[in-house]
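Here is the naming used below: chain letters follow the sequence lines, and residue numbers restart at 1 for every chain.
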Protein chains: 2
Amino acid sequence: MSDGMEQLNLVFAALADPTRRDLVARLACADATVGELAEPYDMSLQAVSKHLKVLEDAGLVTRGKDAQRRPVHLEAEVFDLMTKWIERYRQRAEERYQRLDAVLDELTNEQNQQRTDRKDAS
Amino acid sequence: MSDGMEQLNLVFAALADPTRRDLVARLACADATVGELAEPYDMSLQAVSKHLKVLEDAGLVTRGKDAQRRPVHLEAEVFDLMTKWIERYRQRAEERYQRLDAVLDELTNEQNQQRTDRKDAS
DNA sequence: GTCTTTGTCAACTAGTTGGTTGATAACGCG
DNA sequence: CGCGTTATCAACCAACTAGTTGACAAAGAC
């Protein structure tokens with residue numbers, strides 16, 4: 001089991017939670033402290049701190065230090081890991097879908113050919 | 001909370017499990033029955049059936065009917081939902097990263113300017 | 001120094017997840 | 001019909017998750 005495997009586990013699991021996806025969405029616009037991030041939610045500061053830890057363990061986020069504040073920053077690179085995984089299989093699945101279309105086209109053509117054959121025979 | 005919200009929850013959660021990602025990977029190559037899919041894993045058939053149910057609930061997979069067999073088919077469309085979500089925020093985060101670079105460049109230029117000023121003053 | 005702000009750590013709880021086994025349903029084959 | 005195959009359903013269990021509260025650490029402000 002490769003290293004990127006475990007990270008994929010963490011990243012997908014992290015983004016499966018709507019609160020955490022919202023945190024990511026907000027951090028995409030600007031860095032923020034834990035308190036600022038927690039403010040809009042009906043949830044304790046500790047809960048948000050935990051969510052941020054999950055995002056950090058997944059490598060989606062890093063935390064700096066500014067006096068007693070702990071500014072949170074979104075890391076873009078990790079997204080690539082996911083996108084690569086997704087694209088690989090989406091592509092294959094779509095190719096298979098295209099091939100199915102091709103097979104159906106072929107069948108149609110064969111039927112046309114048979115019709116032509118019958119017409120030629122008549 | 002929109003409808004796609006809940007589906008994002010399900011899709012990300014589904015792909016957070018390595019067994020389920022492996023199932024998706026194998027289904028990208030060809031459709032398969034539950035038994036065929038279960039064979040390589042050290043796990044009961046029922047467990048795999050449950051995993052497939054999770055993938056189905058997320059819309060990643062559909063199940064057909066062939067006598068007592070239940071062929072499983074990968075659906076490519078749902079991947080787009082994820083890709084769109086990811087790309088939106090990855091892009092913003094990268095833009096911010098670029099802007100940071102711009103700011104750093106600006107600072108460097110200012111320092112150069114100051115150096116130039118000092119040199120001019122000397 | 002003491003007080004306030006900002007955040008983490010620790011312990012607990014309710015609900016969910018990933019697995020197990022056993023029973024059951026649906027279908028094809030003698 | 002009864003029998004084997006293929007898969008789902010149901011009940012159970014251990015481990016994890018997402019939230020809570022309370023205590024505490026670290027840093028600035030007084």
Side-chain angles (χ1 to χ4, degrees), chain A residues 1 5-27 30-75, chain B residues 1 5-27 30-75:
Chain A
M1 229 195 263
M5 181 76 138
E6 178 64 12
Q7 178 144 37
L8 272 181
N9 291 350
L10 295 176
V11 175
F12 278 120
L15 295 179
D17 185 284
T19 301
R20 283 189 300 251
R21 278 202 309 278
D22 194 56
L23 287 169
V24 167
R26 291 169 58 204
L27 286 167
D31 294 357
T33 68
V34 180
E36 289 165 356
L37 289 170
E39 194 269 329
Y41 307 118
D42 187 21
M43 184 188 310
S44 69
L45 187 85
Q46 290 94 321
V48 174
S49 182
K50 272 196 190 179
H51 279 305
L52 290 171
K53 176 134 194 5
V54 173
L55 290 173
E56 187 180 23
D57 290 346
L60 281 160
V61 131
T62 53
R63 284 138 131 182
K65 246 188 178 178
D66 167 31
Q68 63 268 77
R69 245 141 286 135
R70 212 60 51 95
V72 182
H73 176 73
L74 185 64
E75 293 293 330
Chain B
M1 233 195 261
M5 181 73 138
E6 179 62 13
Q7 177 143 38
L8 271 181
N9 291 350
L10 295 175
V11 175
F12 278 119
L15 295 180
D17 184 284
T19 302
R20 282 187 304 249
R21 279 202 309 278
D22 194 55
L23 287 169
V24 167
R26 292 169 58 203
L27 286 168
D31 293 359
T33 67
V34 180
E36 288 165 357
L37 289 170
E39 194 270 330
Y41 306 117
D42 187 21
M43 182 189 308
S44 69
L45 187 84
Q46 289 95 322
V48 174
S49 183
K50 272 196 191 180
H51 279 305
L52 289 171
K53 177 136 193 1
V54 174
L55 291 173
E56 188 179 22
D57 290 346
L60 281 160
V61 130
T62 52
R63 290 193 255 191
K65 247 187 178 181
D66 168 32
Q68 63 268 76
R69 244 142 285 137
R70 213 60 51 93
V72 182
H73 176 74
L74 185 65
E75 294 294 330

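- Nearest-nucleotide assignment on DNA chain C puts the 5′-proximal partner with A:G35, out of A:G35 and B:Q68.
- The shortest side-chain heavy-atom distance between B:H73 and B:R63 does not fall under the 4.5 Å cut-off.
- Within the structure, every side-chain polar atom (N or O) of B:R69 is placed at least 4.0 Å from both OP1 and OP2 of C:dA26.
- Dashed line: the shortest gap from a side-chain N or O of A:S49 to OP1 or OP2 of C:dG7 is not under 4.0 Å.
- Across all strands shown, A:T33 has heavy atoms under 4.0 Å from sugar-phosphate atoms exclusively, and none from any base.
- Between A:S44 and D:dT20, a side-chain N or O to OP1/OP2 separation shorter than 4.0 Å is present.
- Closest contact between the side chain of A:V34 and the listed nucleotides D:dA27, D:dA7, C:dT8 involves C:dT8.
- Distances from the side chain of B:L45 to the nucleotides D:dG28, C:dG7, D:dT8 place D:dT8 closest.
- The nucleotide whose nearest atom lies closest to any side-chain atom of B:R63 is, among C:dG18, D:dT8, D:dA18, D:dT8.
- We find that CG of A:L52 is positioned 7 Å from P of C:dT8, with the value rounded to whole Å.
- Residue contacts shown for B:K53 are absent, as no nucleic acid heavy atom lies under 4.0 Å away.
- For the pair A:R70 and D:dA27, the criterion of a side-chain N or O lying under 4.0 Å from OP1 or OP2 is not met.
- Judged by distance alone, with hydrogens and angles left aside, A:Q46 brings a side-chain donor or acceptor within reach of the base of D:dG22, the pair sitting under 3.5 Å.
- Between atom CG of residue B:L55 and atom CZ of residue B:R21 there is a gap of 11.5 Å, rounded to the nearest 0.5 Å.
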